[in-house]
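Report on the following structure.
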Amino acid sequence: MTDMSSARIPISSSSAFNGRATQDCAPCNAKASNIHVGSADDTASVARMTNLIDRLGRAVHCLQFSDGLNPAQWAVLRYLGRANRYSRTPTAISDYLGTTRGTMSQTIKALEGKGLIVRETNDRDRRAVLLNLTEQGEAILKNDPLGCVNSVARSLGNQLEEASEFLDRVVDCLQNKTDGLRYGVCAHCTNFCKSQFASDVHMCGLTGDSLSVQDSAKICVNYSDPAAS
């Protein structure tokens, strides 16, 4: 294996492990503590933003009844398209999407029946199951109904980063309240060890496995947030 930079020690026990936060987000804490956030003049704008997010959620939900699939099934396909090899178990998907194991089991069976995903044995644990997209699953994911958001995002230009940061904060706040998980991107993890000698092969400091550039861009169930260390 190519020599790597020193692996950083993974977080063993943290409220931010796997993106899970045990407390409300800062704006919610500020509200609970009667700390004023913004000015009175912002009231109308804040109400408009809240209304827009509500409408966005409803529109996104309705849009995903397409190609014979429902929103839950699209969510699983989308997740499998982004998740690395450590994160494609039914439990990991269920935790990420915030659904019960029973509901996830039914969704997985439906996708298997449509020939969009397939089960494989986990090489690390023969008792565990990994889920992968089939060629048909990868093909249908290219017609993701949420793909229409891409053109809007591209049109934002230099406002895209600011808009993304705002939505990140909204998602964090909502997931904190629902005890959901936000698996982070591999390359941003404290366990990611970037090779100083090769640009296409890196390493996971937690497992010792080599990571390709493609692996590094996927989300991981073992993600540890550098901000929490």
Side-chain angles (χ1 to χ4, degrees), residues 1-22 25-26 75-97 120-125 128-133 137-138 141-142 144 146-147 149-150 153-154 156-173 175-176 180-229:
M1 180 184 295
T2 305
D3 189 21
M4 303 287 176
S5 57
S6 299
R8 285 163 284 188
I9 300 174
I11 299 173
S12 58
S13 177
S14 168
S15 62
F17 181 71
N18 281 347
R20 182 192 296 274
T22 57
C25 59
V76 171
L77 294 182
R78 203 174 290 118
Y79 173 87
L80 291 175
R82 297 181 59 208
N84 65 12
R85 60 184 182 270
Y86 308 118
S87 312
R88 296 197 295 268
T89 66
T91 297
I93 303 172
S94 179
D95 287 343
Y96 181 83
L97 297 179
E120 293 184 6
T121 302
N122 189 338
D123 291 336
R124 291 181 173 276
D125 183 354
V129 171
L130 292 178
L131 299 170
N132 293 313
L133 294 171
E138 292 178 350
L141 190 54
K142 293 179 180 179
D144 186 344
L146 299 190
V149 177
N150 292 344
R154 291 192 184 97
L156 292 176
N158 57 13
Q159 295 178 309
L160 180 58
E161 186 63 27
E162 184 178 354
S164 297
E165 289 178 359
F166 165 72
L167 291 175
D168 271 338
R169 293 176 64 184
V170 172
V171 171
D172 280 339
C173 184
Q175 289 194 316
N176 288 342
L181 300 182
R182 283 193 80 191
Y183 305 158
V185 175
C186 174
H188 302 159
C189 178
T190 56
N191 299 311
F192 180 73
C193 303
K194 185 176 182 179
S195 173
Q196 298 179 352
F197 307 98
S199 60
D200 58 344
V201 181
H202 307 294
M203 188 180 78
C204 173
L206 184 64
T207 66
D209 294 335
S210 60
L211 299 167
S212 66
V213 171
Q214 184 178 23
D215 289 333
S216 304
K218 292 183 177 293
I219 57 175
C220 183
V221 66
N222 296 321
Y223 176 80
S224 290
D225 190 347
S229 57

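Positions are given from 1, in the same order as the sequence printed here. Computed from a prediction, not measured in an experiment: that's the story for all the values here.
- Between Val201 and Ser195, the closest heavy-atom pair is O-CB, 3.0 Å.
- Here the side chains of Tyr79 and Ser87 are in contact, with some heavy-atom distance below 4.5 Å.
- Between the Tyr183 side chain and the Ala83 main chain, no donor and acceptor come within less than 3.5 Å of each other.
- Contacts of Arg78 classified as salt bridge (charged side-chain N to carboxylate O under 4.0 Å, His left out), with partners at least two apart in sequence or in another chain: Asp144.
- The backbone N or O of Arg169 lies less than 3.5 Å from no partner atom in the side chain of Asp172, so there is not a single donor-acceptor pair.
- Taken from NE2 in His188 to OG in Ser224, the straight-line distance is 14.5 Å, to the nearest 0.5 Å.
- The heavy-atom pair separating Arg82 from Lys218 by the smallest distance is O-CB, 3.1 Å.
- Annotation: the span from Ile219 atom CD1 to Asn84 atom CG amounts to 8.0 Å, rounded to 0.5 Å.
- How far CG of Leu167 is from CD of Glu162: 11.0 Å, rounded to the nearest 0.5 Å.
- Under the rule for a side chain to side chain contact (heavy atoms under 4.5 Å, CB included), the partners of Glu138 that lie at least two apart in sequence or sit in another chain are Leu133.
- Residue Cys193 holds its SG atom at 10.0 Å from CG of Leu206, rounded to the nearest 0.5 Å.
- Pairing each heavy atom of Leu131 with each of Leu80, the nearest pair is O-CD2, 3.6 Å.
- Evaluation of the side chain to side chain contact (heavy atoms under 4.5 Å, CB included) rule for Val170 yields Ile53, Phe166, Leu174 as partners, not counting sequence neighbours.
- Of all heavy-atom pairs spanning Ser216 and Phe192, the tightest one is OG-CE1, 3.3 Å.
- Taking both residues in full, the closest heavy atoms of Thr190 and Pro226 are given as CG2-CA, 3.3 Å, listed atom of the first, atom of the second, then distance.
- Shown here for Leu211 and Cys186, the closest heavy-atom pair between the two residues is CD1-SG, 3.6 Å.
- The backbone N or O of Leu160 sits less than 3.5 Å from a side-chain atom of Ser164, completing a donor-acceptor pair.
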Verify side-chain hydrogen bond (donor to acceptor under 3.5 Å, both in side chains) between Thr207 and Tyr86, making sure each step is shown before the conclusion.
CA-CA 10 Å; Thr207 66; Tyr86 308 118; 3.0 Å; yes
